[in-house]
Every structure is written in structure tokens, then in C-alpha cells.
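By convention in this document, chain letters (A, B, ...) are assigned in the order of the sequence lines, proteins followed by strands, and residues within each chain are numbered from 1.
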Protein chains: 2
Amino acid sequence: MIKTELFNQQDQELALMAKALSHPARIAILDFLAQSSCCISGDISNEIPLSRTTVSQHLTELKKMGFIQGTVEGVKINYCLDNEKLKEIKLAFEKFFEKLLSNPNPICEV
Amino acid sequence: MIKTELFNQQDQELALMAKALSHPARIAILDFLAQSSCCISGDISNEIPLSRTTVSQHLTELKKMGFIQGTVEGVKINYCLDNEKLKEIKLAFEKFFEKLLSNPNPICEV
DNA sequence: TCATTATGTCGTATGTTTGCGTCATAAAAC
DNA sequence: GTTTTATGACGCAAACATACGACATAATGA
């Protein structure tokens, strides 16, 4: 019943990036990381209205898609944005929208 | 158990836009509409490997978020991209990424 | 009128995401 | 060595998404 693999690679990748951004908590986490340079997972769950467990899961998701990096420092983990990767993702979205808008779409009304 | 409403309006809206793009079928539909000016729902399900019912559902989703418009022409419905809305959405993503990248994030390593 | 064509809607099965409590682990402090 | 602190992993329940067949509707044409 799962059919995503029937679509082309590029579409699948863009969909995965979009999926990573498809929850307000993850947007909020990215915002927070952008503002506060680096921070640990515990800090973040103080800032957003979800449990530490849930925040941790969202962090894992963002890490999986490459939006953020986590570097271990003793007991703590410093999460921060992966700016290089973010630039790539930004570019991918831009290209997609450019492609959609490049064809001056005629008006549909008959 | 649903907590999205705890986040701010802007984050919620961006998340919804991202969600609309979070399935390769919907990316493929948008691509197809961009290439082929306008078309009917049946046309689209010939082009992508899903049933007409499922395509119809994805179209409804895209319409709900404003990516596309559908204008009725007799028995047929002409779906096409909503270019004005698309420009808005494009801008929203650009702004978001600009914000993330505007703070020259320090390196996390101690 | 009756069949055909184009399309939406409903119900339903299966799969995925979200959210959290609880437990496990591992460094550091005492 | 025991406690504290910071964190990930596991397991579960509720909610949501995906996919489709079957039915409903409504315009057109024979």
C-alpha cells in the first residue's frame, strides 16, 4: 500500500525535506537554534510546549534529514543548524518553485 | 494529544505549506500541471501511478492549501496552478530560510 | 430516456506520525 | 561507589495519512 517509491528520486527527496518541515514544533526548534547559536536538547524542551521525549524525537527527525548536527560534549549534546546543508535545502525549494512558475500558466477559464 | 495549536500562527502556516509538499505524488502533480498548462483530474491519474480516487484526494489537499485552482467546464474540471498563491508560498519559504541562515551560526565543537 | 463520460464522496484497511511515560546509560560531582 | 544530570531508546495509545473500490451525481450525446 506504500507507493512513494514509484515516483522519481528528485520528487521523493523534496518531499522528504518538506516532511521534515511539516510540523510546527520542528519549525520552532529550527527558529530557536538559529537564535541561540548552540544548545542542548534539554534547553529546547524548556522553550517549547512539549515533553523532552517528544522534542528528542523531533530532533532525531531533523538530524536524519540533515537540517541540524549534534556534537557531544561530555554529558551534553550541542545541537546546531547545519548551515551548508540548509543552503542546499533552500536551493532545492527555490529551484522547485522556479520551475513551477517558469511556465506562464494560462488562465483556465474557457 | 494533538498539540500543533500550541505553536505560533506563522510556524503553523509554514508547517501546513510544507505538509502539502510532503508527498512525492503531490510534487509530481504540481510538476505535471506546470508543464501541461491545464488539465482534468482524469488526465493526471493517467500520468502518475495512482488510482483516480487517490489523485483526486491529493488534488483536494493541494487545493485546500491554495497551490492549485479548479474551474469547472461542463463535465470536466480544469485544474491549474495558482501562480499568485505560489509566489506567496515561495516567498514564505525563502523568508524562513533567510532567517535561519541570517545568524552566522558558530561552530559547536568546544 | 438511457448510456456514457468525468468526476466527487464514502467507507474501510493499512501504515505512519505524534506524544508521552518509563527505563537504560553514561559522564561528572560528591 | 552512589547520586545527580543529561540524554537516548523502547513501547504504547491516539490521531492522521495513504490508497483504493464502489457508489453517487451530473452533463452530454445517441
Side-chain angles (χ1 to χ4, degrees), chain A residues 1-7 11-12 15-29 33 36 38-65 67-80 108 110, chain B residues 1-7 11-12 15-29 33 36 38-65 67-80 108 110:
Chain A
M1 219 175 185
I2 189 75
K3 300 238 165 167
T4 58
E5 75 282 347
L6 295 177
F7 297 92
D11 288 357
Q12 285 186 49
L16 284 174
M17 291 176 199
K19 200 175 211 168
L21 296 176
S22 74
H23 195 290
R26 292 197 284 271
I27 306 269
I29 288 172
L33 286 174
S36 59
C38 292
C39 59
I40 58 166
S41 162
D43 286 347
I44 303 173
S45 58
N46 293 336
E47 294 299 323
I48 72 169
L50 293 172
S51 77
R52 197 184 54 72
T53 313
T54 307
V55 169
S56 181
Q57 269 176 166
H58 285 306
L59 285 168
T60 304
E61 206 63 31
L62 287 170
K63 208 165 157 187
K64 201 169 74 185
M65 285 313 297
F67 283 68
I68 61 174
Q69 285 178 318
T71 63
V72 180
E73 183 199 344
V75 192
K76 301 187 181 182
I77 294 182
N78 292 311
Y79 282 105
C80 62
C108 280
V110 203
Chain B
M1 219 174 189
I2 190 75
K3 300 239 165 165
T4 58
E5 73 282 349
L6 295 175
F7 297 91
D11 287 357
Q12 284 186 49
L16 283 175
M17 291 176 199
K19 200 175 211 167
L21 297 176
S22 75
H23 195 290
R26 291 196 286 270
I27 306 268
I29 289 171
L33 286 174
S36 59
C38 292
C39 59
I40 58 167
S41 164
D43 287 345
I44 303 173
S45 58
N46 293 336
E47 294 298 322
I48 72 169
L50 292 171
S51 76
R52 198 183 54 72
T53 313
T54 308
V55 169
S56 181
Q57 267 177 165
H58 284 307
L59 284 169
T60 304
E61 206 62 31
L62 287 170
K63 209 165 157 188
K64 202 169 74 187
M65 286 313 298
F67 283 69
I68 62 174
Q69 285 179 319
T71 64
V72 181
E73 183 199 344
V75 193
K76 301 188 180 183
I77 295 182
N78 292 311
Y79 282 104
C80 63
C108 281
V110 202

Between P on dA28(C) and CD1 on I77(A), what's the gap in Å once rounded to a whole number? 13 Å
Working to the nearest 0.5 angstrom, can you tell me the gap between Q12(B) CD and M17(B) CE? 12.0 Å
Take the protein atom NE2 of H23(A) and the nucleotide atom C1' of dT17(C), then report the distance between them rounded to whole Å. 8 Å
Spacing between I27(B) atom CD1 and dT18(D) atom P, to the nearest angstrom: 12 Å
Would you kindly compare D43(A) and T4(A) by the position of their nearest DNA chain D nucleotide and give the one closer to the 5′ end? D43(A)
Going from OH on Y79(A) to CG on L62(A), what distance comes out if it is rounded to the nearest 0.5 angstrom? 10.0 Å
In residues 46-64 of chain B, which residues come under 4.0 Å of DNA chain C by heavy atom? R52(B), T53(B), S56(B)
Does K19(B) put a side-chain nitrogen or oxygen below 4.0 Å from OP1 or OP2 of dA17(D)? yes
Please confirm whether the shortest side-chain N or O distance from Y79(B) to OP1 or OP2 of dA6(C) is below 4.0 Å. no
Round to a whole Å and report the spacing from CE of M65(A) to P of dT17(C). 12 Å
Is there a side-chain contact between L33(A) and C39(A), using heavy atoms and a 4.5 Å cut-off? yes
How many whole angstroms separate atom CG of L16(B) from atom P of dT17(C)? 17 Å
State the NZ-CG distance between K64(A) and L16(A), to the nearest 0.5 angstrom. 8.0 Å
Check the angle between the aromatic planes of H23(A) and H58(A) and answer parallel, tilted or perpendicular using the 30° and 60° thresholds. tilted
Exam field: side chain S56(B) to backbone R52(B), donor-acceptor pair closer than 3.5 Å: no
